[in-house]
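Everything below concerns the one structure shown next.
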Amino acid sequence: MTLEEAQKAADIIGTADGGCTTCINRLIKRFEAAFPEFELVRTSEEINEQPEWSDDPDDADFIGYRVIARLRQESPPC
């Protein structure tokens, strides 16, 4: 998996169950267990989706939190 692909997965994970932080955190742990070369970080940045029928920001719906994928840094040898 490339970093770009991992970020696409992270974007989806951040919207789990309408932004449920418990769901997001569980999926992050599962993703990191399956792909240990990556780490995902949930931010406090909210993701809102603007409906096609409106330009009014008040009509935007909250859909989750931004999750950032990055390559895991290996610990230096002792």
Next on the checklist: Looking at Asp55, I want to see if its CG is surrounded by more than 12 non-hydrogen atoms of other residues, nucleotides or ligands under 6.0 Å.
Outcome noted: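 For Asp55, atom CG is not crowded (no more than 12 foreign heavy atoms under 6.0 Å).
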Please check this pair: side chain of [X] against backbone of [Y], looking for a donor-acceptor N/O pair closer than 3.5 Å.
X     : Y     : value
Glu32 : Glu37 : no
Glu45 : Arg66 : no
Gln50 : Asp56 : yes
Glu5  : Thr2  : yes
Arg72 : Phe38 : yes

Item to check | Ile47 and Glu49: CA distance, side-chain angles, deciding distance, side chain to side chain contact (heavy atoms under 4.5 Å, CB included) verdict | outcome: CA-CA 7 Å; Ile47 301 171; Glu49 191 170 72; over 6 Å; no
Item to check | From CA spacing to verdict: side chain to side chain contact (heavy atoms under 4.5 Å, CB included), Ile68, Thr43 | outcome: CA-CA 8 Å; Ile68 299 169; Thr43 70; 3.7 Å; yes
Next on the checklist: Let me check something: do Val67 and Leu71 share a hydrophobic cluster, defined by ILVMFWY side-chain heavy atoms less than 4.5 Å apart, either directly or through other members?
Outcome noted: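 Yes; Leu71 is reachable from Val67 via cluster members.
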Checklist entry - What's the shortest heavy-atom distance between Ala10 and Ala69, and which atoms? => result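 So the two residues come closest at CB-CB, 4.2 Å.
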Using a 3.5 Å cut-off and no angle test, enumerate the donor-acceptor pairs between side-chain atoms of residues 13-31 and protein atoms at least two apart in sequence or in another chain.
from  : atom 1 : to    : atom 2 : distance (Å)
Thr15 : OG1    : Ile12 : O      : 2.8
Asn25 : ND2    : Thr21 : O      : 3.2

Next on the checklist: Once rounded to the nearest 0.5 Å, what's the spacing between atom CG of Leu40 and atom CZ of Phe35?
Outcome noted: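 One gets 10.0 Å once the value is rounded to the nearest 0.5 Å.
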